Each structure stands twice: as C-alpha cells, then as structure tokens.
A.B. asks: 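Sharing a structure, written as structure tokens. Questions coming.
FYI, side chains are in, hydrogens and waters are out, and symmetry mates aren't considered; it's all heavy atoms of this structure. Just so it is clear, the structure is predicted and the values come from calculations on it, not from any experiment.
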Amino acid sequence: MAAPEAWRARSCWFCEVAAATTMEATSREAAPAKSSASGPSAPPALFELCGRAVSAHMGVLESGVWALPGPILQSILPLLNIYYLERIEETALKKGLSTQAIWRRLWDELMKTRPSSLESVTCWRAKFMEAFFSHVLRGTIDVSSDRRLCDQRFSPLLHSSRHVRQLTICNMLQGATELVAEPNRRVLETLASSLHTLKFRHLLFSDVAAQQSLRQLLHQLIHHGAVSQVSLYSWPVPESALFILILTMSAGFWQPGPGGPPCRLCGEASRGRAPSRDEGSLLLGSRRPRRDAAERCAAALMASRRKSEAKQTARATPATRVTRRSTQESLIAGGTDPKRDLHPPATSYEAPGTKRPPSAPATTSSASASSSTSSSKRAPASSVPQPKPLKRFKRAAGKKGARTRQGSGAESEDLYDFVFIVAGEKEDGEEMEIGEVACGALDGSDPSCLGLPALEASQRFRSISTLELFTVPLSTEAALTLCHLLSSWVSLESLTLSYNGLGSNIFRLLDSLRALSGQAGCRLRALHLSDLFSPLPILELTRAIVRALPLLRVLSIRVDHPSQRDNPAVPGNAGPPSHIIGDEEIPENCLEQLEMGFPRGAQPAPLLCSVLKASGSLQQLSLDSATFASPQDFGLVLQTLKEYNLALKRLSFHDMNLADCQSEVLFLLQNLTLQEITFSFCRLFEKRPAQFLPEMVAAMKGNSTLKGLRLPGNRLGNAGLLALADVFSEDSSSSLCQLDISSNCIKPDGLLEFAKRLERWGRGAFGHLRLFQNWLDQDAVTAREAIRRLRATCHVVSDSWDSSQAFADYVSTM
C-alpha cells in the first residue's frame, strides 16, 4: 500500500501548487479583464497555469516533478524549458514517456529550418541542442527572446555542449576566441570529450589573435580531445599560414604560439614570446630547435617568397615571369639553399654547443641546420643531386581579396599575417613540364625531398583519422605541406581531396602516399580524389594510386576534363616520372570498392582490366561516363569481371551509351554472383526495344541471386514497365526485391496495369519501388489508385513532379 499512498501524496502536492497558481494568475488577470472593451478573454486552463508555475519554479520543485506519476508528468513536459526538458529525459524514459515530439516541435518553432530529406534524424533532442549551441556561440539567437530558452540557473553553452558531435567554424573564425576564454573552460572540456567532427566553411582572412585562439582550440579538441575528423569547405583563396596551421595541428604537431599561454593539460612551461620584427628569419634559425613544424614550414616559405616578390617589384614590370633561375636566386637570398633544403639531414636542429660557421647565412632554415657536432662533414656538392626548383606562382595584381597589413610593430610582422593569392590565369611559358614539376624535388621515394623541415623535432600528439578538403585550391606551398605531413600520418584512415587544383602536385601526393604506405602501422584505407584536370589520364592515375597504396580498401576517383597527355599531338607533353607509372604488372591489392568518374573520350580497356585483375577482393564497382572504343572493349571489361572479380556484388554504370552493348548487358544479367546492378541513364532501350526487352526479362527470370535492379533514365515507358512485370510471374525464379524505374516516362495508366498484374500473380513482389520523376501528374486519380494497389505488395517512394518539363523527352519517345 506504500506506492498508492506515495502517489496520492504527490497528487495532493500537485493540486496545492495548482490552487496557489490559479489564485495568483486570477489576481494578475483581473485588472486587464476589467479594462478590456471586448470583454475578458478565455482564461488559461487550470492545468496549464499549474504547469507554467511548476516550470518557473523548477529549481525548487525539480525533484518533486521527477517523482510525479507518468500521466501528470506527460502533460508537464511540453511546458518545461529546454534545460529541464533535457535533464528530465532519463526519468521520462523510465516512465515510458518520449520527448521526441516535443523536441521536434521546438525545432520547427525556434530553428525554423527544415532538415534535409536525405537526413535521417534519430534523436531530435541531440539535433536541437547541437544547433542551439552553434547559434548561441555565433550570436545568431537571442536566448532572452523566448522563455523556453532563458533560465538564469543554466549556461546555454555549457548545458548543450555535451550533445555537440559536430562543430562548424565559419568566416573569420567566429567562436574560437569565445571557446578558449577562461569563463568557458568547462564548455571546452566538455566539447573535448563529445565533439567528433570539426568543420571549417567559407573561411576569410583572420587576425593574429583569432589564429592564436584557433591554435589553442585545436590543441584542446584534437590533441587532448576526441575529434577524429576535420573537413574544410569552400575556401576560394586560402590563407596559407592558417591552412598550414590547421593541417599540422590535425596531424598531431603543436607548440604554443608566440606569446601564447602554456597548455594546462601538457603541464609545460610557456616557451612563447612576443614576435619580433623579423619573425620569419628568427624561426628559421637553428637555435630554436623546439619550434613546431607549422611555423618552420611557413617561415621558410614566407622568407623565400618575400625575397622573390621584392625582386619582382624592383623590376617594375606588371607581368613578371618567375624563371627557374630567379626562383633559385630568391631561395638563396631568403636564406634557403635549394640544394641543401631539398635533401635535409636526419635531424632538424643544431646540437647544444654547436657553433655556426661564419659563412653560414643568418636565416638558414632549421630544417637544413645540422644536428651533428662540428666534426661532422657535409657531402660534396657534386655528389648531391640537384633537382630543379619548384614552380612559383605570381601574385594576382589588383585582387580585392589581397589583404593589406594594418598596424605597426610586432603584430604587423607576425608570422601568420600574410596572404598567398594564386593568379587565376597562367601566363604563357609559366607552366613547367610534368616530369620537372613531378620529380624535380623528389627522388621518388623519400618524402624528405619535399624541401620541408623534418617533423621529428616537433612534439607529436594525438591526430585525426579523417581529413576532407572540398573546393580548397592548394598552392605549391600548401601542397608541399600536405604531402610532407601525409608521408608520416599513420593514423589517417580516410583522405578526401575534392577539386583542389592539384595539377602537377599530384605526383608529390603519390610519392607521399607511397612513403606513408611503407610506414609501420599505416591505417589509410579510403581515398577520395576528384578534380577538374589531371596531368595523368585517369586510368594511369588509378594504376599509380593502387600501386602506391596496396592496402587501400575504398578508392573513389573522378576527373572532369581530359588531361594533356590524352592528346599526344600537344607539344611539350613530357611523360610523368618512371617510378609513378610503369609497364610492370600491378601487384595484388585489397580494394573492395572502386568508383571512377571519367572525362570525355574513349578509355583504353586494357588499362582498366589490369586494375580489375589485381583487385580480386573487389565487391563494388561504379563507372561513371565511361566510354570505350567499341562494344568489344566493354565486353572485355565484363569478361574480366567474371573471371577475376568473383567477390563482386554491386555493379553500377551511369551516363554510358550502352545502346550498342545489349548482348553485354544480357551477359551481366546472367551473372549469378551479382546482387545489385545499376544502369543509370545508359540508353538501354534506345535500339531494338521490342526484341531486347523479352531477352532481358528472360535473363532476369533465371537469375535467383539478383536482389536489386536500378534503371533510372532509360526511357522504359509503359510498354517496358509491363514487360518487366513478367519478372515477377509464377514461373520466375527471380528474387528481385528492389526496383528503381525513376525518370522512365511512365504514365498513370501503365503504372496501374503494372500493379494489377502483380496482384494477379499474388506474390510479394519486392520490397522497394522508386518512381521519381515520372509522368504521374497527367492523371492524378489513376496514379493514386495505382500507388494504393502497389503499396499492398511493396514500399513505394514517389514525388510530385511536373512532367511538363519533360516535353522534349516525351516527343522523342512518341
């Protein structure tokens, strides 16, 4: 009897609160009611008044509210503010109550945005609190504007921080300074344990203070936190120093910046100092062995670039071309010996007590300073290879994005207060030959030949496992830094480089990936690479990647336009280095998923077959816009798949003209190992549809392993759809459960007849049917009836598409 008594006591307590609240509310509303010309409005319900009072005094009544019976608590939940609604979640679940509908309503009313149709929201509480945190951090929401967001007993950032899994930093690094401030220490500590993904979008130029805050933020979230993924989006003119900072911190290298506070978690004394006038030259000095790799890289590049730009300005020519000789002179003038820096010694700083020879320049990079004693001897200059210096990019004159230095003194000369702008147009004769750019500074295997300092002298912390760069143009400096870091980034598991304008730097990337693959404990298993142009044809590039990374599991590669080497008639098309591509066979690899997007032009089938033969573990293959010289070449590829890729389960073709390859398509449909086949916009039924459709249906009826067939954009029409219905007849052994017939000029009457035939055969036809962008709006009543009948046997996914936009396609099929 104890439980009923406790329930009755809590109910009485709730009634007392309700009575007190009602009296208070009545006295408050009496005056407005008397003065109202139209008469008093309907008073709030007693329960609602009570719930508002309870919500306003939750600081005192919280424990009592948690103990209320489920039916009463369910009515109070919508009246709580977000802080107590979040705190009561566990108690509500124990009582069999869900708050998901409340959080969804809060999202619609306060965030006023609609989630993407591709996004599947599993927890609206987490989604709301994560978005709420970002809005409060950026100052785009006023918490005092709504009682559900305002509570003096809680900190909005601290309370919502534990739900943040993904944080986006935009523009001029807004939010970084706030997060590292002392009042938000607990917020940052919570983020360090909850945050997994850090994104940067539309970054602009930032000042030194913002970059110092970002340095501390990345150190806390990556090196001492749980962030495993860093993504950069849409950075048209990257600030080199900021980009290098993000990269090196993501790779696990860190030292406190000049004048920066020491890290409490590291327990180290501060080695920061105020930057001097010549910060770049000081950082290059070998007497500062603990300077981190980001600063050494940026300082070396900045010193050489400033000298080069000074020479260009002295010539007073509007369009100066940087020749190889002037580039080498600028490196020497900047204190960097190209013959020595491109082949750095094993260590990157001088040993204590070592004296610098009088003839050594004062600005020698710490990367090229010797760590040996004075008795150590340098190899003769004649024995050291002398690679050709790297290509330099000219600064775009008159660019509005070029940022001028402000202020004076130390701040204006800070290491990170400079901008590299790559000109949008290249002058004639500026482009170097592929072989020179590719391996002018590389020996094919040693990543230290990139001309960047060794990383061993820097402290190494935890690093991320996923790096994504979307639409971030990489200058030569940025590409060198990325390649230098990749060569030892063993914790990296997934790398995405999308439209970065790599150009000839792709060869440096391949050399770095080869060096990384040779490292013990290398975890790189997924590589996604896409760009407008490539100095290598896509199939040769694929072979080079597979050869460099034999343990790769997922490879996605896309090139939008043909390379110059695809046209041998173009003069000056020097071949790539011999160690990048070769005639030898590709060793067996571990590829499980291969996706390729091809540029215009016929592709050599033997090169593709060589990749497929070496990929015996391949389970998924996708070819986009591939063109072959003849149907026989396409048949050769399919025959290779059948003989060498026995584990292949999913095969996809998109935007390929297969009208003349109908026999090859039938060969595929008879393959008893494939579980899913996609022919997307492949013009399958453009020729001989009356003869090809029955043959296709017969092949599918005899295939018992095929589970999914996707045929979007093939002009199937009503006749083709009715022919496909025979696949599900009683005499069929097909086990097809997914069918995609989107964008196939299907009309409502044809769909209705298709549904009736499935009903007549009386079998559960399949699980999913996709009908996007068909002509179902021509007769809405018939379309609804057809979909109603189809939903009795499968899950139908459709849309309300305006078929008037497809008039041209309709005329072509009349």
A.B. asks: Could you walk me through whether Ser231 and Glu468 pass side chain to side chain donor-acceptor pair (under 3.5 Å), step by step?
C.D. replies: CA-CA 4 Å; Ser231 304; Glu468 298 178 339; 2.7 Å; yes
A.B. asks: With a sphere of 6.0 Å drawn around OH of Tyr644, does it hold more than 12 non-hydrogen atoms of other residues, nucleotides or ligands?
C.D. replies: no
A.B. asks: Check whether Thr782 reaches the backbone of Asp779 with its side chain - one donor and one acceptor, N or O, closer than 3.5 Å.
C.D. replies: no
A.B. asks: Check whether any side-chain heavy atom of Leu167 lies under 4.5 Å from a side-chain heavy atom of Thr197, and answer yes or no.
C.D. replies: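 No; the side chains remain at least 4.5 Å from each other.
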A.B. asks: Once you round to the nearest 0.5 Å, how far does CG of Leu758 lie from OG of Ser729?
C.D. replies: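 Result: 10.5 Å between the selected atoms.
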A.B. asks: Quick one: does any side-chain atom of Asn744 pair with a main-chain N or O of Leu711 as donor and acceptor, under 3.5 Å?
C.D. replies: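 Yes, because the side chain of Asn744 sits within donor-acceptor range (under 3.5 Å) of the backbone of Leu711.
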A.B. asks: Take Gln662 and Arg688 through the test side chain to side chain donor-acceptor pair (under 3.5 Å) and record every step on the way to the result.
C.D. replies: CA-CA 9 Å; Gln662 293 179 348; Arg688 303 192 315 95; 3.2 Å; yes
A.B. asks: Does a side chain donor of either Asp749 or Asn718 reach within less than 3.5 Å of an acceptor in the other side chain?
C.D. replies: yes
A.B. asks: Quick check on Lys199: does its NZ atom have over 12 non-hydrogen neighbours (other residues, nucleotides or ligands) under 6.0 Å away?
C.D. replies: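 Correct, the count exceeds 12.
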A.B. asks: Of the non-hydrogen atoms in Pro689 and Pro694, which two are nearest, and what is the gap between them?
C.D. replies: O-CD, 4.2 Å
A.B. asks: Is a side-chain donor or acceptor of Ser491 paired with a backbone partner of Ile464 at a separation under 3.5 angstrom?
C.D. replies: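 At least one qualifying donor-acceptor pair exists.
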A.B. asks: Arg600 and Thr627: side-chain donor and acceptor closer than 3.5 Å?
C.D. replies: no
A.B. asks: Would you say the side chains of Ser680 and His654 form a donor-acceptor pair under 3.5 Å?
C.D. replies: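 Distance-only check passes for Ser680 and His654.
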A.B. asks: Do the side chains of Arg514 and Asp511 get close enough for a salt bridge, i.e. N-O under 4.0 angstrom?
C.D. replies: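 Between Asp511 and Arg514 there is a salt bridge, with a charged N closer than 4.0 Å to a carboxylate O.
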A.B. asks: Is any side-chain heavy atom of Phe628 closer than 4.5 Å to a side-chain heavy atom of Val637?
C.D. replies: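 Yes; the side chains approach each other to less than 4.5 Å.
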A.B. asks: Whether the side chain of Asn714 engages the backbone of Cys682 through a donor-acceptor N/O pair (distance < 3.5 Å, no angle test) should be reported.
C.D. replies: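 Such a contact is found between Asn714 side chain and Cys682 backbone.
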A.B. asks: Are the aromatic ring centres of Phe470 and Phe200 under 6.0 angstrom apart?
C.D. replies: no
A.B. asks: Find out whether the Lys NZ or Arg CZ of Lys127 is both under 6.0 angstrom from the six-membered ring centre of Trp107 and within 45° of the ring's axis.
C.D. replies: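 Yes, Lys127 and Trp107 form such a contact.
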A.B. asks: How about Gln691 and Glu695: does a side-chain donor come under 3.5 Å of a side-chain acceptor?
C.D. replies: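 Note: Gln691 and Glu695 side chains miss the donor-acceptor criterion.
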A.B. asks: Ignoring hydrogens and geometry beyond distance, is a side-chain donor-acceptor pair present between Lys707 and Ser735 at under 3.5 Å?
C.D. replies: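 A pair is found: one side chain offers a donor N or O, the other an acceptor, under 3.5 Å apart.
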A.B. asks: Is any NZ, NE, NH1 or NH2 atom of the basic residue among Arg525 and Glu493 found under 4.0 Å from an Asp or Glu carboxylate oxygen of the other?
C.D. replies: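 Looking at Arg525 and Glu493, the cut-off is not met.
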A.B. asks: Between Lys649 and Glu676, does any NZ, NE, NH1 or NH2 come within less than 4.0 Å of an OD or OE carboxylate oxygen?
C.D. replies: no
A.B. asks: Before giving the answer on side chain to side chain donor-acceptor pair (under 3.5 Å), spell out for Gln738 and Arg770 the whole-Å C-alpha distance, their side-chain angles and the decisive distance to 0.1 Å.
C.D. replies: CA-CA 8 Å; Gln738 293 185 1; Arg770 298 174 66 89; over 6 Å; no
A.B. asks: Is a side-chain donor-acceptor pair under 3.5 Å present for Ser530 with Ser498?
C.D. replies: yes
A.B. asks: Using 4.0 Å as the upper bound for N to carboxylate O, is an ion pair formed by Glu759 and Lys756?
C.D. replies: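 No salt bridge links Lys756 with Glu759.
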A.B. asks: Under 4.5 Å between any side-chain heavy atoms of Gln670 and Asn703, yes or no?
C.D. replies: no
A.B. asks: Does any non-hydrogen side-chain atom of Glu592 lie less than 4.5 Å from one of Gln620?
C.D. replies: no
A.B. asks: Is a side-chain donor-acceptor pair under 3.5 Å present for Gln773 with Ser743?
C.D. replies: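 Side-chain D/A pair, Ser743 to Gln773: present.
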A.B. asks: Ignoring hydrogens and angles, state whether a donor on the side chain of Gln593 or Arg650 is under 3.5 Å from an acceptor on the partner side chain.
C.D. replies: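 There is no such pair (donor and acceptor under 3.5 Å, judged by atom type) between the side chains of Gln593 and Arg650.
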A.B. asks: Determine, for Asp108 against Arg104, whether the closest basic-nitrogen to carboxylate-oxygen distance falls under 4.0 angstrom.
C.D. replies: yes
A.B. asks: Please determine, by modelled atom types, if Ser622 and Asp624 share a side-chain donor-acceptor pair under 3.5 angstrom.
C.D. replies: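 No - no donor-acceptor pair under 3.5 Å links their side chains.
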A.B. asks: Please report the shortest heavy-atom distance between Leu621 and Leu648, naming the atom on each side.
C.D. replies: N-CD1, 3.9 Å
A.B. asks: Could you tell me if the side chain of Tyr499 sits less than 4.5 Å from the side chain of Asp560, heavy atoms only?
C.D. replies: yes
A.B. asks: Could you walk me through whether Lys701 and Ser733 pass the side chain to side chain donor-acceptor pair (under 3.5 Å) test, one step at a time?
C.D. replies: CA-CA 6 Å; Lys701 291 175 66 174; Ser733 59; over 6 Å; no
A.B. asks: Would you say Gln100 has more than 12 foreign heavy atoms packed within less than 6.0 Å of its CD?
C.D. replies: yes
A.B. asks: For a quick test of reading the model, state the closest non-hydrogen atom pair linking Leu721 to Phe754 and the distance between them.
C.D. replies: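 Closest pair (atom of Leu721, atom of Phe754, distance): O-CD1, 3.5 Å.
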A.B. asks: Measuring from atom CG of Leu502 to atom OG of Ser534, what distance do you get when rounded to the nearest 0.5 angstrom?
C.D. replies: 9.0 Å
A.B. asks: Relative to Tyr233, does Arg201 satisfy both conditions: NZ or CZ under 6.0 angstrom from the six-membered ring centre, and within 45 degrees of the ring's axis?
C.D. replies: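 The answer is yes, since Arg201 meets both limits relative to Tyr233.
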